[in-house]
> 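Provided herewith is a single structure, encoded as structure tokens, for subsequent inquiry.
Please read these numbers as outputs of a predicted model, since none were measured by experiment.
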Amino acid sequence: MNAIAIKNWVIAIAALAGLFIVYKIYKWIDEKGAGGAAKDTAAAAAEAVGGLATGTVLGVSRTVGIPDTDQKLCEQDIASGSWFSASVDCPAGTFTKAAFNRVFSTEPLTGTTK
């Protein structure tokens, strides 16, 4: 087979793949309706952006040396009164709430949020 024949086969296969994708999109819109398809697309885009933002924050945090949080260790640290360890293991909101409750509350400290 010469180079022109191979090129023609590649073009034909790419065209068939493109037609298949267009067909699947058409069927998806037909099943969901235009509003449902738009809603699903928007939800997927929002989820992708949220995942990208989360991944970026975690990547930057790890790069500068901020460790990941661990909810189980956080709760253990707060219960044992190990506040320095809790400051590392807890998400910022949980740690701040637990510390605030420790200073200004007479209720037993659990450190968990509801």
> The criterion is side-chain contact (heavy atoms from CB on, under 4.5 Å); which residues satisfy it with Asn8, sequence neighbours excluded?
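Result, side-chain contact (heavy atoms from CB on, under 4.5 Å) vs Asn8: Ile4.
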> Please enumerate all residues that pass ring-ring contact (aromatic ring centres under 6.0 Å, His included) together with Phe100, with sequence neighbours excluded.
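With neighbours one apart ignored, the set is Phe104.
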> With sequence neighbours excluded, tell me which residues meet side-chain contact (heavy atoms from CB on, under 4.5 Å) with Thr96.
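side-chain contact (heavy atoms from CB on, under 4.5 Å) list for Thr96, sorted by chain: empty.
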> Rounded to the nearest 0.5 Å, what's the gap from CD1 on Ile78 to CG on Asn101? Could you check?
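That separation rounds to 9.5 Å.
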> The criterion is side-chain contact (heavy atoms from CB on, under 4.5 Å); which residues satisfy it with Thr69, sequence neighbours excluded?
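Pro91.
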> To the nearest 0.5 Å, tell me how far Asp70 CG sits from Asp77 CG.
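Nearest 0.5 Å value for the CG-CG distance: 9.0 Å.
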> Ignoring hydrogens, what is the shortest heavy-atom contact between Phe95 and Cys90? Give both atom names and the distance.
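Heavy atoms only, the tightest pair is CB-CB, 3.8 Å.
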> Dump the intermediate steps for side-chain contact (heavy atoms from CB on, under 4.5 Å) on Gln71 and Asp89, then the final yes or no.
CA-CA 7 Å; Gln71 189 63 34; Asp89 294 328; over 6 Å; no
> Name all residues meeting the side-chain hydrogen bond (donor to acceptor under 3.5 Å, both in side chains) criterion together with Ser82; count only those two or more places apart in sequence or in a different chain, and write none if there are none.
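With neighbours one apart ignored, the set is Ser85.
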